[in-house]
Amino acid sequence: MPWSFNYDDSRNKCTTMNNLILCSNNNEVLMVTVPVTMNDTNILTNQIQLSNKIERIRVLYESNTQSILSIKMENSETKIYHFNKKDSTIEWQHHELNIQIKSNGFYSIITEKSLVGQQILEASATEQKLNFYVSNINEQTLSNTRSYSIELPENMGGIEYIAYSIVKSTQLVTLRMQDGSLLVIKLADSGAELILHRDEALSSIISVDTFDLSLSIGQMRIEEEFGGTEIFSMFSKRISTQLSQLISFILRLTDLITHGNRNRDYTDTQESSVRDEFNLNKILIVVTSVGKVFGILTQSGGVLWKHYFNNFTPLENFNAAQVPLFHIRSAAHYTHQPLASIVYRDRNSLHETHIRTFNPYTGDLDNTLSTSSLPYRIKHVFLSTQIHTFPPAPISRVLNSQIPTYIYLFDKTEQAFVGYYVAISESDQQTSTNLKEVWRVSFQNEEVVNIHSRSSSDRVHSAGIVLGDRSVLYKYTNLNLIAVVTEGIDYQKVPFVNIYLLDTVTGSLKLSHTHKRVKPPVHVVLAENWIIYTYYNQRYRRYEAVSSSLFEGPA
């Protein structure tokens with residue numbers, strides 16, 4: 001080919017059709033006719049000239065004697081070309097069909113023996129509705145157009161793939177939507193009918209986190225049961241709380257006797273969405289690569305809610321997709337709704353970043369804490385706190401008595417970690433923040449392949465371990481540690497993998513392990529005072545797991 005392109009572009013700009021290779025270059029389509037026998041070595045080339053630059057080419061229909069090609073240009077105009085194979089040759093002749101094509105439509109063409117000519121299907125998605133138009137291709141025009149529409153049960157985004165088929169005189173349309181849903185729709189004289197819906201978004205999970213469920217009304221009243229300072233007030237509150245619990249039990253028992261099992265599903269849903277006695281049942285927030293977020297109960301596996309975000313593209317972390325998921329407010333503040341946030345990029349403009357905040361129990365969006373787009377490019381995202389003072393005081397004075405804020409960045413070009421201190425300078429006119437470099441750690445002759453940090457929901461369950469002599473071995477629970485994975489080749493041409501535990505506040509290395517004759521992938525879990533990771537040992541041809549624990553020393 002007389003030009004070069006990357007792999008991502010080739011999926012939209014090159015395709016095959018029978019013995020033709022079709023590739024677009026600016027405003028022309030190059031057609032290369034490939035020989036089909038070993039004796040024939042002639043390669044024929046031809047071009048289709050267009051008025052605008054080509055964005056995508058796609059085969060709508062293909063058979064041994066004829067094919068139909070769709071060419072979409074950057075000005076949203078689409079051309080349809082019909083290809084016919086010449087008799088007793090490998091050459092193809094083509095002509096443009098006089099068909100008005102919509103810019104946001106998807107097309108599929110079918111030829112059936114029972115039909116005269118070919119049928120073309122046009123489909124478009126708007127919000128939660130799908131529109132279909134089926135027409136006969138009569139020479140170079142369309143005729144006998146029939147329209148169909150169907151309401152979708154939820155927002156599924158746009159169409160990514162479509163196939164039109166006729167099975168036993170039944171028209172079927174198969175679609176793949178942007179949210180990962182697979183749909184099969186039946187087209188009939190009475191209208192369109194959804195006969196299959198499979199949600200495949202959970203096959204591409206990126207981020208997962210658990211949230212504690214909210215307290216029940218009875219659990220909230222326990223907090224008030226032991227309130228008060230006087231004996232009489234404490235006694236009255238305890239009696240009133242227990243009476244309300246008794247009334248709730250009687251009402252629930254009456255409803256069960258009256259309605260039987262008719263409200264059983266509703267009751268089970270209500271019970272499963274509140275905290276149990278030992279707080280084992282939680283809600284799982286799952287973020288997928290297609291932009292669909294799920295709320296799933298860990299006890300039953302049922303989906304409480306799901307929401308699709310349009311124009312969603314994950315962030316990248318060492319060539320791996322990543323979507324930061326943060327706890328903004330937990331269920332402990334039962335007078336306020338819990339909140340969670342995700343950060344992602346815009347599909348149409350990778351320099352625009354969006355923050356969406358929602359209730360992890362219901363999936364309802366909080367527009368006051370969400371952004372349409374940030375006016376800058378994101379390098380590092382972390383959860384911090386807001387400082388409010390009463391009475392009002394300068395922020396610089398407040399920060400002197402607070403824990404300082406440190407952040408770190410990784411420079412992939414220099415293979416170096418840089419730690420910064422967030423300094424706040426305040427004047428009469430405005431308050432500004434600056435980053436002051438505190439430390440720098442560089443890696444020579446090895447490449448950083450991944451960085452792992454603690455989960456935001458990580459808990460330290462015990463401060464130490466009691467030894468046989470009754471002394472306590474205290475755990476080294478540094479919340480600022482990150483695990484750095486590097487790989488390289490030494491002077492003897494032996495591959496190795498290094499694991500480092502780096503303190504992101506001081507820049508000091510707390511632990512380092514070297515493993516020779518091993519190779520990635522390296523999977524790491526960092527929690528409490530321990531780290532466990534796996535790698536592939538080339539010498540023994542097996543996967544191995546290594547765990548290390550850090551302690552401060554006996555006391």
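Computation of the quantities below employed the complete heavy-atom set of this structure, encompassing side-chain atoms and omitting hydrogens, waters and symmetry-equivalent molecules.
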Looking only at heavy atoms, which two atoms of V522 and I499 are closest? And how far apart?
CG1-CD1, 4.0 Å
Got a salt bridge between K292 and D199, using NZ or NE/NH1/NH2 to carboxylate O under 4.0 Å?
yes
Taking C-beta and beyond as the side chain, do F312 and Q178 meet within less than 4.5 Å on heavy atoms?
no
Going by the rule ring-ring contact (aromatic ring centres under 6.0 Å, His included), which residues pair with Y406 if we only count those two or more places apart in sequence or in a different chain?
Y421
Could you grab the distance from atom CG of L509 to atom CG of L501, nearest 0.5 Å is fine?
9.0 Å
Hey, could you give me the NZ/CD distance between K72 and E55, rounded to the nearest 0.5 Å?
5.0 Å
Could you tell me whether Y161 atom OH has more than 12 heavy atoms of other residues or ligands within 6.0 Å of it?
no
Donor-acceptor pair, distance only, cut-off 3.5 Å: does the side chain of E528 make one with the backbone of H461?
yes
Heavy atoms, side chains only, cut-off 4.5 Å: are L365 and F309 in contact?
yes
pair L130-F132: side-chain heavy atoms closer than 4.5 Å
yes
Heavy-atom distance under 4.5 Å between the side chains of L339 and D366, does that happen here?
yes
Measuring from W530:CH2 to I532:CD1, what's the distance to the nearest 0.5 Å?
6.5 Å
Residues which pass ring-ring contact (aromatic ring centres under 6.0 Å, His included) with Y408, listed by chain and number, not counting sequence neighbours
H380
Hey, does L152 have a side-chain heavy atom less than 4.5 Å from the side chain of L183?
yes
Any H354 side-chain heavy atom under 4.5 Å of N311 side chain
no
Are side-chain heavy atoms of I205 and F294 found at a separation under 4.5 Å?
no
Check whether more than 12 heavy atoms from other residues, nucleotides or ligands sit under 6.0 Å from atom NZ of K282, and answer yes or no.
yes
Looking at CG of L502 and CD1 of I451, how far apart are the two atoms once the value is rounded to the nearest 0.5 Å?
9.0 Å
Check the surroundings of atom NZ in K129: do more than 12 heavy atoms from other residues, nucleotides or ligands lie under 6.0 Å from it?
no
Measuring from L175:CG to I162:CD1, what's the distance to the nearest 0.5 Å?
4.5 Å
Looking at side-chain heavy atoms only, is the closest gap between H452 and Y533 below 4.5 Å?
no
Supply the atom-to-atom distance Q128 CD to M156 CE, rounded to the nearest 0.5 angstrom.
8.0 Å
